[in-house]
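See below for the structure under consideration.
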Amino acid sequence: MAGLAGSRLRQGRLIMAREQLTVRGIVQGVGFRPFVYRLAGELALSGWIRNDGDGVTMELQGDDARLDGFAARLLLERPPLARIDQLLRQPLPEQAQPDGFAILASESGGAHAAIGADSCTCDACLAELFDPANRRYRYPFINCTDCGPRYTLVSRLPYDRAQTSMAAFAQCPACLDEYRDPLHRRFHAEPNACSICGPSLALLDATGPAAGDAIAETLKRLQDGEIIAIKGLGGFHLACDARNPAAVARLRQRKAREEKPLAIMAANSASLAGLARIDELSGRLLRSPQRPIALLPKTAGCDDALPGVAPDVAWLGVMLPYTPLHYLLFHEAAGRPDGTSWLAEPQPLLLVMTSANPHGEPLITRNEDARALLPDLADAVLEHDRDIVTRCDDSVLRVGCHGHAQFLRRGRGYTPCAIGLSRGGPSVLALGAHLKNTLCLTRGNEAFLSQHIGDLDRVANCRALEAAAGHLQTLLSVSPQFIAHDLHPDYFSSRLARELAERLNIPALAVQHHHAHIAAILAEQQCDETVLGLALDGVGLGDDGGAWGGELLMVDGAHSQRLGHLSTLALPGGDRAAREPWRMAAAALHSWGADEEIPARFPNEAAAPQLALWLNQGKALTRTSSLGRHFDAAAALLGIAARTSFEAQAAMRLEGLAERHGLPPKPPRLHQIDQDNHLDLTPLLRQLASGMAPAAGAALFHACLIEALADWAAQTARRLGLRRVACGGGCLQNAILARGLHAALGRRGLSMLQARLVPAGDGGLALGQAWVAQRHFNQ
């Protein structure tokens with residue numbers, strides 16, 4: 001019988017091969033079941049499929065060749081938002097062939113399912129959104145199984161409508177027909193809705209609801225210079241016209257964000273002409289379904305065109321629309337053209353889009369909170385009545401040094417996608433550090449990094465960390481067996497870790513800060529070998545109780561050994577020195593005996609004479625090996641930044657000047673390495689203090705620093721017989737440093753590993769903590 005290989009006749013009935021398939025990965029809420037339904041129909045296979053706590057399970061019956069073909073096509077032709085991590089095929093006892101293929105109701109249980117991240121509006125939905133004949137024409141919440149919210153609206157798995165914030169909206173007959181039709185692209189699209197049955201928009205100001213079309217009125221107000229709070233997928237944005245300097249200045253004043261760069265939203269890449277340079281990889285990043293903020297090199301005319309948006313830095317943060325609501329604002333500005341061809345044309349509207357939150361507080365997600373902040377932050381609020389279950393900031397990325405994207409902040413679009421580990425281990429909950437906090441939960445050989453939570457110097461952020469820890473455990477159905485945290489005992493994250501460990505009666509492990517930075521790289525790159533680690537950041541508590549931040553480590557799984565560090569500088573004022581770089585410049589001047597220059601160099605600093613006296617008298621001051629503080633010293637010595645208004649501002653200004661100036665091709669050797677393997681940058685700092693022009697000095701600093709670090713690492717690697725150098729810590733978010741180190745280490749025969757799937761700074765620290773703890777407790 002042609003085409004029935006593997007089938008047999010028994011008592012006149014056709015008996016065929018039968019098997020169970022279990023698929024793990026991102027397979028819920030992404031159109032996977034209707035895809036399987038159609039594929040089974042094409043191959044004339046019978047059986048069923050359903051969601052469960054492990055992902056999806058199906059039983060199929062047919063001849064062997066078609067079952068093999070089904071498995072192959074499942075992997076090759078999966079839906080665009082699906083990710084298959086594991087496909088298990090298990091033979092089942094033969095039985096008489098049933099008729100057809102069915103999609104069964106979901107069942108709970110298991111602990112291996114994954115939920116997809118939020119995704120931008122797909123092309124098919126955009127075509128409907130701008131088609132006047134379509135019933136969803138200009139509906140702000142259009143979506144399907146290939147796009148729309150996921151993580152931000154689901155409370156638990158399996159991913160069904162009843163367990164999302166869409167449970168409050170009963171579907172109308174037309175939507176319900178789509179939802180129940182396995183051949184429709186909205187089959188079990190959990191946020192499915194229309195203007196009859198779904199969420200709706202409202203624009204409110206201090207007087208109450210605004211009259212007229214909410215989109216049209218919002219655009220008018222933006223064009224008139226107002227600041228509008230706009231509800232998105234994971235929280236509210238504050239928006240204003242990016243081309244209106246007065247509006248930008250008001251937004252900065254209201255949010256207490258004096259100088260930190262702001263991100264903008266443009267209709268498309270073409271609208272950025274004359275503002276930023278977009279290479280092929282940056283373009284793909286901008287247009288990806290995740291729609292992150294991409295940092296693009298600014299053009300010479302950018303600051304004139306967008307005054308006040310991103311001053312004193314070389315990069316412009318840009319994102320494209322990712323919700324129907326965003327698209328509708330640009331559509332309104334374009335004159336409501338029919339169809340989608342206008343999306344390929346340059347559009348003049350550019351919007352500042354920054355997180356709507358009081359300074360340092362978590363992102364606002366609730367309508368009532370947004371309304372309460374009207375007098376302080378926004379002139380009006382564009383809200384909707386679909387609740388946000390999980391707050392999630394925009395992700396921020398830039399193109400890395402060898403053709404990959406580099407995270408500065410991991411959030412919407414990427415959270416909570418699993419990071420694969422080289423091997424399984426006990427479940428660990430790692431709570432990160434103090435700044436740029438994220439947490440991490442492992443499940444077998446997977447690690448789930450939370451969305452960006454923020455700095456834990458605010459009570460609200462601390463509460464957000466506790467809530468995120470609980471939500472991730474619920475969502476993944478995982479109870480941790482161990483807790484990991486930073487070595488610093490007084491961080492809130494460390495105190496919370498100890499409290500959770502005591503409450504759950506499980507062990508807790510303190511992981512040294514810089515060990516965790518290097519471990520995060522090894523975790524995401526599934527590297528189990530011993531490496532040389534170059535950990536460069538602002539500060540982290542060292543094993544000796546000191547303020548580390550420029551460390552050369554040997555990392556072997558759960559073990560780390562300090563092999564050397566930057567020569568230390570005094571840290572006048574402790575943490576205050578990070579906000580006042582002139583203090584680090586004073587410490588540098590003191591290091592070569594130039595205390596008398598301190599008051600004259602910093603005449604506007606009232607404390608300068610007293611600090612010079614203390615330094616000269618040898619007052620006991622904390623010392624630091626931090627490269628971040630060396631950046632601060634360099635910036636202040638060059639007159640670039642004596643004080644800063646946000647973290648790493650001095651370093652960003654240095655980077656911006658160096659990027660525009662260009663690095664010298666053959667920098668002089670301005671460093672020393674002593675017999676204790678201490679890297680001394682004093683000669684370089686003295687050169688900067690000699691009266692160099694700021695841009696030339698910034699370029700020289702970067703060029704000489706790169707060569708110094710590469711020499712230091714190469715010398716140590718040769719002695720130990722190591723060939724790979726893992727470079728991590730917040731300083732590696734400096735594009736010039738990362739790019740330069742990659743090249744310089746390569747010239748010395750060394751391979752450089754760096755963060756790709758998580759931020760190089762403290763935003764990726766929890767992954768490293770979890771990886772170390774897995775290995776520590778699994779020994």
Side-chain angles (χ1 to χ4, degrees), residues 117 290 292-293 295 392-398 400-401 404-422 428-442 446-456 465 468-469 472 484-488 491 493 511-527 531 533-540 549 551 553 555 560 627-628 647-648 726-735 737-738 752-774:
Q290 293 83 6
I293 297 172
L295 295 190
C392 206
D393 265 308
D394 296 312
S395 296
V396 184
L397 295 96
R398 72 178 355 147
C401 61
H404 66 81
Q406 179 186 28
F407 279 94
L408 280 76
R409 184 171 74 199
R410 184 179 165 111
R412 180 193 49 77
Y414 298 91
T415 302
C417 297
I419 296 168
L421 305 175
S422 62
V428 176
L429 175 64
L431 292 180
H434 183 67
L435 301 177
K436 298 180 175 62
N437 181 270
T438 61
L439 62 89
C440 182
L441 183 63
T442 68
E446 297 176 308
F448 296 85
L449 196 70
S450 77
Q451 68 278 15
H452 169 81
I453 292 170
D455 298 347
L456 300 182
L465 173 61
L472 202 55
H485 59 89
D486 193 84
L487 184 62
H488 199 300
Y491 286 166
S493 54
V511 181
Q512 198 278 322
H513 192 91
H514 301 95
H515 183 189
H517 272 314
I518 304 305
I521 299 168
L522 302 182
E524 64 150 88
Q525 303 209 11
Q526 301 187 4
C527 177
V531 301
L534 193 55
L536 309 169
D537 65 2
V539 68
E551 312 306 314
L553 309 172
V555 176
S560 172
L627 181 61
E647 186 192 7
C727 300
C731 292
L732 268 296
Q733 293 183 327
N734 179 308
L737 180 60
M752 175 177 164
L753 302 177
Q754 61 178 312
R756 297 187 184 186
L757 302 181
V758 300
D762 286 3
L765 204 70
L767 173 62
Q769 293 172 348
W771 187 85
V772 170
Q774 269 198 340

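This is a predicted model, so every value here is computed, not measured.
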**Side-chain donor-acceptor pair present, Gln406, His404, cut-off under 3.5 Å** = no
**Request:** Give a yes-or-no answer on whether the side chains of Asp762 and His434 include a donor-acceptor pair shorter than 3.5 Å.
**Result:** no
**Complete:** Taken in chain and number order and not counting sequence neighbours, the residues that satisfy side chain to side chain donor-acceptor pair (under 3.5 Å) with Glu524 are none
Side chains of [X] and [Y]: does their closest heavy-atom pair fall under 4.5 Å?
| X | Y | result |
| --- | --- | --- |
| Gln774 | Leu421 | yes |
| Gln769 | Cys440 | no |
| Arg410 | Ile419 | yes |
| Leu732 | Met752 | yes |
| Ile518 | Ser560 | no |

**Fill in**
Taken in chain and number order and not counting sequence neighbours, the residues that satisfy salt bridge (charged side-chain N to carboxylate O under 4.0 Å, His left out) with Asp394 are Arg412
**Prompt:** Taking atom NE2 of His488 and atom CD of Gln512, what is their separation to the nearest 0.5 Å?
**Reply:** 12.0 Å
**Prompt:** For the atom pair CG (Leu753) and CD1 (Ile521), what is the distance rounded to the nearest 0.5 Å?
**Reply:** 7.0 Å
**Complete:** Closest heavy-atom pair, Gln451 versus Thr438, reported as atoms and distance to 0.1 Å, is O-CG2, 3.8 Å
**Request:** Grab the two heavy atoms, one from Ala766 and one from Leu449, that are nearest each other, plus how far apart they are.
**Result:** CB-CD1, 4.1 Å
**Asked** Taking only residues two or more places apart in sequence, or in another chain, which ones meet His452 in a ring pair (Phe, Tyr, Trp, His ring centres under 6.0 Å)?
**Response** none
